[in-house]
Amino acid sequence: MSATKKSNNEARLKPVRPSGKTDDSIFDLIYAVARQIPKGRVTSYGAIAKAIGSGKSARIVGWAMSNAGRVKPKVPAHRVVNSVGLLSGKHAFKTPNYMQELLEKEGVQVKNDKVVDFKTRFWNPLEELF
DNA sequence: CGGTTGACTTAAG
DNA sequence: ACTTAAGCCAACC
């Protein structure tokens with residue numbers, strides 16, 4: 001197979017938007033930050049929003065996370081919760097309980113759909129990436 | 001093009 | 001701790 005087989009790879013690390021586009025967008029930035037979340041730590045949608053410079057576009061982060069399941073490489077969307085540590089996105093996983101199990105598997109305690117000691121487990125991209 | 005929706009956030013009562 | 005309200009922005013119809 002000495003033929004030039006360039007297609008097939010070309011390192012398409014760009015995330016796939018809902019529209020199927022792989023253009024640069026805030027989605028790219030969101031996924032990029034989300035992948036930086038250390039194991040056993042969590043962050044919030046708003047924190048990511050600030051990290052990418054949008055600040056108040058936390059809802060877009062949530063939107064992007066809903067697409068995280070179809071994005072490559074995999075995005076640890078289970079490590080992203082809302083501002084009070086609530087697993088607001090658990091319903092988007094295979095099973096509503098899958099998100100909690102993933103977190104517990106990483107050492108994050110979850111009680112009543114809420115991250116235990118959230119403030120300590122919180123990972124601030126603005127400070128950690130700085 | 002416009003109204004609605006959503007894995008959000010902050011503020012105020 | 002709970003409810004309301006307003007701000008935000010991309011996708012959807």
| query | How far apart are the closest heavy atoms of A/Leu87 and A/Leu103, and which atoms are they? | reply | CD2-CD1, 3.9 Å
| message | For A/Lys114, is there any backbone N or O sitting under 3.5 Å from a side-chain donor or acceptor partner on A/Asn112? | response | no
| message | As a test of reading the structure: which of C/dC9, C/dC12, B/dA7 is closest to the side chain of A/Ala77, going by heavy atoms? | response | B/dA7
| A/Arg121 side-chain N/O to A/Arg41 backbone N/O, donor-acceptor pair under 3.5 Å | no
| said: Using whole Å, what does the distance between atom C1' of nucleotide B/dA7 and atom CG of A/Leu102 come to? | reply: 15 Å
| remark: Atom CZ of A/Phe93 and atom P of B/dA7 are separated, to the nearest Å, by 12 Å
| field | Spacing of A/Ile26 atom CD1 relative to C/dA11 atom P, expressed in whole Å | value | 8 Å
| For B/dG6, does OP1 or OP2 lie under 4.0 Å from any side-chain N or O of A/Ser66? | no
Show each protein N/O and nucleotides 9-13 of chain B N/O combination with a separation under 3.5 Å, one pair to a line.
{"from": "B/dT9", "atom 1": "OP1", "to": "A/Gly46", "atom 2": "N", "distance (Å)": "3.3"}
{"from": "B/dT9", "atom 1": "OP1", "to": "A/Ser83", "atom 2": "N", "distance (Å)": "3.1"}
{"from": "B/dT9", "atom 1": "OP2", "to": "A/Ser83", "atom 2": "N", "distance (Å)": "2.6"}
{"from": "B/dT9", "atom 1": "OP2", "to": "A/Ser83", "atom 2": "OG", "distance (Å)": "3.4"}

| said: Restricting to side chain to side chain donor-acceptor pair (under 3.5 Å), what partner residues turn up for A/Glu101, sequence neighbours left out? | reply: A/Asn97
| Could you state the CE-C1' distance from A/Met65 to B/dC8, rounded to the nearest angstrom? | 12 Å
| For atom CH2 of A/Trp63 and atom C1' of B/dC8, their distance in whole Å | 14 Å
| said: Nearest whole Å is fine: how far is B/dG6 C1' from A/Phe27 CZ? | reply: 12 Å
| task | Would you kindly give the CD1-to-P distance between A/Ile52 and C/dC8, to the nearest whole Å? | result | 15 Å
| request: Quickly work out the A/Ile60 CD1 to C/dA11 P distance and round it to whole Å. | output: 8 Å
| task | Quick one: which residue pairs count as a salt bridge (charged side-chain N to carboxylate O under 4.0 Å, His left out) with a foot in residues 45-57 of chain A, not counting sequence neighbours? | result | none
| Are A/His91 and A/Pro96 side-chain neighbours, meaning at least one heavy-atom pair lies under 4.5 Å? | no
